[in-house]
**Q** 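Here it is: the structure, laid out below.
As a basis for the values below, the full set of heavy atoms in this structure was taken, side chains included, without hydrogen atoms, waters or symmetry mates.
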Amino acid sequence: MTATPLTAPATRRSTGTPHPDPPASGRPVPAAMWTGVMSALLVLSVTLAVTIGSADISMLDVWRSIGTHLGLDRVGLQPSPLSPQMDGIVWDVRLPRVLTAGAVGAALALCGAIMQTLTRNPMADPYLLGLSSGASVGAVVVLVLGATQFTLPAAAFGGAVLALVATLTLANRRGELPPTRTILAGLAVSYLCAAITSFVIFWSATGDSYRSILSWLLGSLGGRTWSDVAIVTVAVVVIGAVLLSRARTLDAFAFGDGTASALGVNVNATRWTLLTLVALLTGAAVAVSGAIGFVGLMVPHAVRLIAGAGHRRVLPLAALVGASFLIWADTLARTVFDPRELPVGVVTAFLGAPAFAILLRRRRAAGRAPAARRGRSNGTNPGAPPQDSWNGGPSRGAVEAEVTGTNGALPATNGASTHHPFATGGPGAGITARRTTLADPLRVGDVSWSVDGTLIVDGVDISVAPGTLTGLLGPNGSGKSSLLRAVAGISRPDHGAVMLGEQDLLTMRRRERARRVAVVEQETSTDIPLRVLDVVLLGRTPHRPSADDERIALDALGSTGLRHVADRDWHTLSGGERQRVHLARALAQEPELLLLDEPTNHLDVHYQLALLENVSTLGVTTLAALHDLNLAAAYCDQVVVLDGGRVAAAGPPDDVLVPDVIRRVFGVDCDVYRHPRTGRPVLVFSPG
């Protein structure tokens, strides 16, 4: 049908002036300072814990004994030595126990932090894979048969490894370890091992063996020797160093496997490797201490509250805090009812349960922050940008008056400003200019993808010109998101090629692909208490660490008008603000290809228009899945309509968004008009 012009609405002018972002505030204390404080606290805790007991020992006595055994007396640096009896109490009895407690606490806290990240489950702990139950089986068997100093830890470690093998075998699905499946497999193995343990105790345990079994099951550090110290300390140092080296990779898991994969992480291989390392470290700890609860669950949450959620901060601090916590828990266990000794697991439960409840209350209070703290764009927050400004960008009225959808300069209407958030000289100018020179065409050739034999994407061919915005349209279930995931390499296509310039993205190494392609998925969130800046810094994961990373992340935030919230908690943002933060994270990758899955989701009309205007002027080759056909008509250089996983129509909006195509694909009637200023199609739908 012939397109009919719409009556032009009255133009609204902006009366506000651009406001610069206020300076960021509330930055967390630097990690180096926290690490120094906690290291000093750990040394003090070790020293004080050794002095506590029935024998009267001073802190100086502790260091005199240590100095003697380190050979300082032979070089003239050691004061008068302790008596043999006092030296034996310090060196042979108390110090090995205290150091073992510290090493076990560090191991459990490290493993808890890793497990919570890999499973995206805030209630995960080191025993989630059935390791403690498996270790219990091995320990109970040798305790019934008659354990020795060496057979008990060896049997416990062996049981933990067997439980790990059983859990991973059960969780494995075509070589992958989905988090939910892994958790359920761990629970199944835990219950089976608990049943075996109960059967052995019921059938065979009597007298002394029963008391030994109960003590081990509840966790005990009594009678630890220097060999126990060596076992756990070596495991913590070696495995902990490997885990710390993967800190940046672990950060990428915060928003799920899809985001991690889009950031260049080999999700499956990383999960297998890290779960195995966690299991070995947990097995070493459990082998010498028994099952001690709450350390691996509570300590990582406490550390994230005080130091942020980046794993370069969390992992070393969790180890230090976990070590100090378990040292004092064990000190209470051996002294509070002296001469009787409590299992240390009982003490950690008594201390951990109320402490964890306090942490939960603090998290809930943070989620109820008042409107002024949450920084809602309602014009009532002093220092926040006004509602009609996107970081000095066009006013709401200006955006409405200037919707052209072109990829060039915007025509001024009735004197409205033509400045936009990515204009030269704005916060994102450096990023924009850099990308404009790197734009390459995208060619999707005969790509198909299926799940369990069901074809979701069926032989799709798409060509996207360099530096343009292409809209991916279609009804629910037409394959838009699946195609984007296939193009990004998150889901491996059954066949076909995805070419960016002259390179096939599907054969490219993951990190190289993530440096060239950025993905913004729909509905991605996290339970981890991240700062907004930490979220945007995830975009730097594919790149080598650089001193410029934070500047690039802040520029990307400024480009989306959110630099003023850089140090806010992610959970205090609205849905629309979160979507803009994800876009900033994608921009921080400095990509050549931008893949957007429902980027306008949760945004009000002002920010829908502003976001698509910004994307259309980036000069980056962009493929965006959109539901709003009028937004696609206003901003896209071309559109591709999918139906049943196949391309139903493709081309400029004028040629594709016509009544016949809309009726055939969407099942609704429409009339197509022309915008009075832009000449772009405007669709008005009628009931079917």
**Q** Can you measure from OG1 (Thr249) to NE2 (His311) and round to the nearest 0.5 angstrom?
**A** 10.5 Å

**Q** What closest approach, in Å, do Gly102 and Ala323 show between heavy atoms, and which atom pair accounts for it?
**A** O-CB, 3.1 Å

**Q** Does any part of the side chain of Leu317, heavy atoms only, come nearer than 4.5 Å to the side chain of Ile306, both counted from C-beta?
**A** no

**Q** Of the non-hydrogen atoms in Ser190 and Tyr127, which two are nearest, and what is the gap between them?
**A** OG-O, 4.3 Å

**Q** Which pair of heavy atoms, one from Ala514 and one from Leu263, lies closest together, and at what distance?
**A** CB-C, 3.4 Å

**Q** Distance from Asn172 atom CG to Trp272 atom CH2, nearest 0.5 Å?
**A** 4.5 Å

**Q** If you compare all heavy atoms of Ala349 against all heavy atoms of Pro354, which two are closest, and at what distance to 0.1 Å?
**A** O-CD, 4.3 Å

**Q** Between CG of Leu42 and CZ of Phe325, what distance do you get to the nearest 0.5 Å?
**A** 14.0 Å

**Q** Show the numbers, then the answer: is there a side chain to side chain contact (heavy atoms under 4.5 Å, CB included) between Met115 and Leu275?
**A** CA-CA 8 Å; Met115 290 299 297; Leu275 286 179; 3.6 Å; yes

**Q** Within the side chain of Glu341, is there an N or O that forms a donor-acceptor pair under 3.5 Å with the backbone of Ala333?
**A** no

**Q** With a 3.5 Å distance limit and no angle check, can you tell me whether Asp549 reaches the backbone of Ser546 through a side-chain donor-acceptor pair?
**A** yes

**Q** For the atom pair CD1 (Ile57) and OG1 (Thr47), what is the distance rounded to the nearest 0.5 Å?
**A** 12.5 Å

**Q** Would you say that Val140 contacts Ile201 through its side chain, given a criterion of any heavy-atom pair below 4.5 Å between the two side chains?
**A** yes

**Q** Indicate the atoms forming the closest heavy-atom contact of Val278 with Leu131, along with that distance.
**A** O-CD1, 4.5 Å

**Q** Do Met59 and Leu44 have side chains that get closer than 4.5 Å, going by heavy atoms?
**A** yes

**Q** Given His69 and Asp87, is the side chain to side chain contact (heavy atoms under 4.5 Å, CB included) satisfied, shown in steps?
**A** CA-CA 10 Å; His69 288 276; Asp87 183 68; 2.8 Å; yes

**Q** Okay, side chain of Arg585, backbone of Ala553: is any donor-acceptor separation there less than 3.5 Å?
**A** no

**Q** Do Leu554 and Val536 have side chains that get closer than 4.5 Å, going by heavy atoms?
**A** no

**Q** Given 3.5 Å as the limit, does a donor-acceptor pair link the side chain of Thr572 with the main chain of Asp569, or not?
**A** yes

**Q** Whether the side chain of Arg540 engages the backbone of Ala588 through a donor-acceptor N/O pair (distance < 3.5 Å, no angle test) should be reported.
**A** yes

**Q** With distance as the sole test, does Trp570 use its side chain to make a donor-acceptor pair with the main-chain N or O of Arg578 at under 3.5 Å?
**A** no

**Q** Does any N or O in the side chain of His571 come within less than 3.5 Å of the main-chain N or O of Thr526, such that one atom is a donor and the other an acceptor?
**A** yes

**Q** Would you say the side-chain atoms of Asp61 and Ser58 include a donor-acceptor pair closer than 3.5 Å?
**A** yes

**Q** State, yes or no, whether a side-chain contact exists between Trp91 and Val50 at a heavy-atom distance under 4.5 Å.
**A** no

**Q** Salt bridge or not for Asp251 and Arg248, using N-O below 4.0 Å?
**A** no

**Q** Is there a donor-acceptor pair closer than 3.5 Å between any side-chain N or O of Ser65 and the backbone N or O of Val62?
**A** no

**Q** What I'd like to find out is whether the side chain of Val265 reaches to under 4.5 Å of the side chain of Arg510, using heavy atoms alone.
**A** no

**Q** Does the side chain to side chain contact (heavy atoms under 4.5 Å, CB included) test come out yes or no for Phe294 and Asp125, once each step is laid out?
**A** CA-CA 8 Å; Phe294 268 100; Asp125 70 0; over 6 Å; no

**Q** Find out whether Thr182 and Leu128 are in side-chain contact, i.e. whether some heavy atom of one side chain is under 4.5 Å from a heavy atom of the other.
**A** no

**Q** Where do Trp34 and Leu320 land on the side chain to side chain contact (heavy atoms under 4.5 Å, CB included) test, with the steps shown first?
**A** CA-CA 10 Å; Trp34 276 118; Leu320 294 170; over 6 Å; no

**Q** Which heavy-atom pair separates Ser289 from Leu221 by the least distance, and what is that distance?
**A** CB-CD2, 3.6 Å

**Q** What I want to find out is whether Asp330 reaches Arg224 closely enough, with some N-O distance under 4.0 Å, to be called a salt bridge.
**A** no

**Q** Is Thr167 reaching over with its side chain to a backbone N or O of Leu129, donor-acceptor style, under 3.5 angstrom?
**A** yes

**Q** Could you state the interatomic distance from CZ (Arg97) to OG1 (Thr100), rounded to the nearest 0.5 Å?
**A** 9.5 Å

**Q** Taking Arg271 for the side chain and Leu118 for the main chain, is one N or O donor matched with an acceptor at less than 3.5 Å?
**A** yes

**Q** Please tell me if the side chains of Leu274 and Leu250 come closer than 4.5 Å, counting only heavy atoms from C-beta onward.
**A** yes

**Q** Roughly how far apart are Tyr191 OH and Ile196 CD1, rounded to 0.5 Å?
**A** 15.5 Å

